[in-house]
K.L.:
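Dumping the structure here so I can ask a few things about it.
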Amino acid sequence: MRGRLFRRTGFVLVLVIAAAATVAMTGSGRAHLGSAGDSGALAAGAVTPYGSSDLMKDEFAAEPREGEAAGNVSAFGGTISARSVERAAKNNPQFVSGFEGLNFYQQRYSNRGNQFSVEPPDQALCVGNGFELEAVNDVLNVFDANGASALPDNTATNIVSGSPRNVNHAVDLNTFFGYPAAINRTTGARGQFVTDPTCLFDAATQRFFVVVLTLEVNPANGAFTLVNHLDTAVSKTSDPTGGWNIYRTDVTNDGTNTGGQNPGPYLGDYPHIGADANGFYITTNAYPWNSNGFAGAQIYAFSKAQLAAGTPNVTMQHIDTSGRVDAPSEAGATQPGFTVWPAQSAGVGESGDNHGTEFFLSSNAADEAQRPVSGNAGTRTSSQVVVWALKNTASLDTPTPALSLSATVVGTEAYAAPPKQQQPGSGSPVGANAPQGFCLNDRTTVTIAGTGCWRLLVGVQPAQTEVVSSPDANDTRMQQVMLAGGRLFGALDTAVNPDGGAQRAGIAWFVVKANSARLENQGYLGTAGHDLTYPAIGVTPNGRGVMAFTATGDTLNPSAAFAPISKDGVGTWDVVPGGTGAAPTDGFTSYKAQVGGNPPRTRWGDYGAAAVDGNSVWIASEYIASSCDYTDWGGPFFAGGTGDNLLGTCGGAARGPGKRAALGNWSTRISKFTVKGD
């Protein structure tokens, strides 16, 4: 989650302090089929249409904010030298096709407009059986091999402000997981808070898996009850447009209370998933709800066969990683695990030695790992990664699972918290190509609400100080991990000084022999004048693949980019065909008048995605797909203007589909590459 939404006035910052403890294995638990029914829904929910009086009403939902990146983290003050290409990859992936995936307009106006405005999207992507499933905060779509939606056309029933709205058949996540709408815009009732989607297709079982974190709320006002659970949807067949079984696993009390430092209940934040031949694995970061602190990364291990079969009660083991990293920290002799990312296998599920082993990678530069108790900042630098091995996973299919977890610290080149991304004009007054920001500074345009465009967005006249933002560049946590040919491939965001020049946001990548926890290769990817962020790696069984990321720069708007990767290294990067950014990011988290902060934390990421299907690698990254001029953004809300009766969509008189919505313009780009073997 990491603060994907903000309060309309101000925001909450939860510091990261914690104490580590010995590893706790809570025995053989169960994941249960959800009480709301056993099938996910891929049709629009039966909710009240968006009303004509809802302009800028209840656009943001409050949420807890946590983690190293929850605030404006200071960038590394030193130098990390990196050549533009560290080592050449013996790999030349061929671009096949690409298309625009889910976007802000579809997110905001699915489910008849009964949604919030959301940043960042947080991408999930999984591919198999001729389908590509993508999920973001807070919508889902399934595409066919040609990039067309394979879901039923819901345009005719998706009525928003009196007109049918084409959201390319997308279905909101609340409906998919069997919950009421995020917000009913007639009654104001709130549904569950669903966040952080992630997914995979498991070739061995021929099943799609989609996981989200769900926070229970008071329906009257959206206040959190503190109860939260992981929802795991498993397709009943290899066709993701059909039925789904949904399992719910309560994580409210899963964390480490060390001497009263980290009292529960806890938030099971930032879930990510992986699988081996035997199990399906979800990891989270546990944060106390009612105090500052960090309670360690948590691992949930499920019988994959039972999930695939739709068994009503699935065997599950919960493991707390706190105290498992043997390196000095404020908590004592050990560190808690932080963002322990499970590996996804390139083939049908590598099982490893020791009766089956699932591997994980994590980093340890974050405050959560280095200074988990006091709340003071750590160095936010490291020259280590951690290899985790969960052994005896074959026992997950027995009545008495017996798993064992080990952690090995591996020395690496240095990495550190990156600076913010730069886009054209960062820090200068907002231009008309970022119409929301331009509107907040505007005092002269005559609108239906009076003179001054700002009246369409906020209730109090803001200072005319909004500037082109510097988007978030993540922190130092590990990103997507792949296991191929006995090697773990991982990457994270770091500060780099490309070619000995000025510091920029770049990528540190690692190739580790899994069974021996031995570093085989590593390097940086960075380029002068550019920032590269939120890497995601997909590697085929032959050990060759593609790394996806967002690229921005002094003259490059946020774009979807890639680089070849193999055990030999990472090759020259480029923007994917069709992925060049058309405008600067213009989301509500960019502006002080919307979210506070000086400067505000412009949300981006929090992660991209990659998926492997045979010798094909599919990648997905956030970018800005379309431009929209100020006049079209205002439409009939400006005196004498024409166009859509929803502010900011640039949908024209035909009323869509829009290029964006009033408060944001992010989109996602899905691209397919083929990777040849020797």
Side-chain angles (χ1 to χ4, degrees), residues 75 80 82-86 89 93 95 98 100-101 103 120-121 123 125 418-426 433 468-475 479-480 491-499 501-509 523-538 545-565 570-587 590 602-610 617-627 665-671 673:
I80 297 179
R83 295 188 296 276
S84 295
V85 178
E86 182 72 11
F95 174 78
E100 183 180 0
N103 60 36
Q123 285 177 270
L125 180 69
K420 301 300 182 184
Q421 302 177 61
Q422 300 299 303
Q423 56 182 336
S426 285
N433 62 343
V468 178
S469 68
S470 298
D472 186 46
N474 206 8
D475 51 24
Q479 297 292 279
Q480 183 171 332
L492 50 78
D493 294 274
T494 183
V496 294
N497 294 80
D499 302 319
Q503 186 180 107
R504 304 297 294 237
I507 295 167
W509 55 267
Y524 304 107
L525 184 64
T527 305
H530 293 84
D531 299 289
L532 313 178
T533 60
Y534 298 97
I537 297 175
V546 180
M547 180 164 65
F549 45 90
T550 291
T552 60
D554 300 340
T555 59
L556 180 68
N557 289 314
S559 302
F562 78 102
I565 187 170
V570 170
T572 304
W573 75 275
D574 203 352
V575 174
V576 300
T580 302
T585 182
D586 186 37
S590 295
T602 297
R603 299 310 310 279
W604 197 265
D606 288 319
Y607 44 89
V617 177
W618 294 77
I619 61 173
S621 297
E622 185 178 357
Y623 78 127
I624 304 301
S626 302
S627 62
N665 64 338
W666 59 255
S667 187
T668 63
R669 189 76 186 177
I670 299 175
S671 303
F673 291 82

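Computed from a predicted model, the values in this text were never measured in an experiment.
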K.L.:
Please report the closest heavy-atom contact between S626 and A583, naming both atoms and the distance.
P.N.:
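Shortest heavy-atom separation between S626 and A583 comes out as O-CB, 4.0 Å.
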K.L.:
Within a strict 4.5 Å, meaning less than it, do heavy atoms of the M547 and L525 side chains meet?
P.N.:
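Yes; the side chains approach each other to less than 4.5 Å.
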K.L.:
From D606 CG over to E622 CD, what is the distance, rounded to the nearest 0.5 angstrom?
P.N.:
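Between atom CG of D606 and atom CD of E622 there are 9.5 Å.
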K.L.:
Please report whether the ring centroid of F673 lies less than 6.0 Å from that of F95.
P.N.:
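Centroid distance F95-F673: below 6.0 Å, so yes.
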K.L.:
Could you tell me the separation between the OH atom of Y623 and the CG atom of N103, rounded to the nearest 0.5 Å?
P.N.:
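The distance works out to 8.5 Å.
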K.L.:
Strictly by modelled atom types, are W573 and T527 linked by a side-chain donor-acceptor pair under 3.5 Å?
P.N.:
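Distance-only check passes for W573 and T527.
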K.L.:
Pairing donors with acceptors under 3.5 angstrom, does anything connect the side chains of D472 and Y534?
P.N.:
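Yes - a donor-acceptor pair under 3.5 Å links their side chains.
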K.L.:
Give me the atom names and distance for the closest heavy-atom approach of P535 to Q479.
P.N.:
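Heavy atoms of P535 and Q479 come nearest at O-CB, 3.2 Å.
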K.L.:
What's the separation between atom OG1 in T550 and atom CG in D531, rounded to the nearest 0.5 Å?
P.N.:
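Taking OG1 in T550 and CG in D531, the distance rounds to 11.0 Å.
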K.L.:
Does D493 reach the main-chain N or O of I507 with its side chain, forming a donor-acceptor pair under 3.5 Å?
P.N.:
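Checking the backbone N and O of I507 against the side chain of D493, no donor-acceptor pair under 3.5 Å is found.
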K.L.:
Give the intermediate values and the outcome of side-chain contact (heavy atoms from CB on, under 4.5 Å) for residues R504 and D554.
P.N.:
CA-CA 11 Å; R504 304 297 294 237; D554 300 340; 3.1 Å; yes
K.L.:
Taking ring-ring contact (aromatic ring centres under 6.0 Å, His included) as the definition, give me every residue that meets it alongside W666, ordered by chain and number, with sequence neighbours left out.
P.N.:
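Expected list: F104.
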K.L.:
Drop me the distance from N665's CG to D586's CG, to the nearest 0.5 angstrom.
P.N.:
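It is 5.0 Å, given to the nearest 0.5 Å.
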K.L.:
Looking only at heavy atoms, which two atoms of V496 and A505 are closest? And how far apart?
P.N.:
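Closest approach of V496 to A505, heavy atoms only: CG2-C, 4.3 Å.
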K.L.:
Mind listing the closest non-hydrogen atom pair of R669 and P577 along with its distance?
P.N.:
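For R669 versus P577, the nearest heavy atoms are NH2-O, 3.8 Å.
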K.L.:
Where is the tightest heavy-atom contact between A609 and Q480, given as atom of each residue plus distance?
P.N.:
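Taking A609 first and Q480 second, the nearest heavy atoms are CA-OE1, 3.5 Å.
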K.L.:
Any side-chain heavy atom of T585 sitting closer than 4.5 Å to one from S469?
P.N.:
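Contact flag for T585/S469 side chains = yes.
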K.L.:
Donor-acceptor pairs under 3.5 angstrom involving side-chain atoms of residues 555-564: please list them, not counting sequence neighbours.
P.N.:
residue : atom : partner : partner atom : Å
S559    : OG   : N557    : O            : 2.7
S559    : OG   : G581    : N            : 2.7

K.L.:
Do V576 and I619 touch side chain to side chain, with heavy atoms closer than 4.5 Å?
P.N.:
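A side-chain contact under 4.5 Å exists here.
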K.L.:
Working to the nearest 0.5 angstrom, can you tell me the gap between S470 OG and W604 CH2?
P.N.:
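So the OG of S470 and the CH2 of W604 are separated by 13.0 Å.
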K.L.:
Does G506 offer a backbone N or O that forms a donor-acceptor pair with the side chain of T494 under 3.5 Å?
P.N.:
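A pair under 3.5 Å: no.
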K.L.:
Mind checking whether V575 and T580 have side chains closer than 4.5 Å, heavy atoms only?
P.N.:
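In contact.
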K.L.:
Using a 3.5 Å distance criterion without hydrogens, assess whether the side chain of E100 forms a donor-acceptor pair with backbone atoms of S667.
P.N.:
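Such a contact is absent between E100 side chain and S667 backbone.
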K.L.:
Could you tell me which non-hydrogen atom of A625 sits nearest to which non-hydrogen atom of A582, and how far apart they are?
P.N.:
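Taking A625 first and A582 second, the nearest heavy atoms are O-CB, 3.6 Å.
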K.L.:
Roughly how far, to the nearest 0.5 Å, is OG of S621 from CZ of F549?
P.N.:
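F549 CZ to S621 OG: 8.0 Å, rounded to 0.5 Å.
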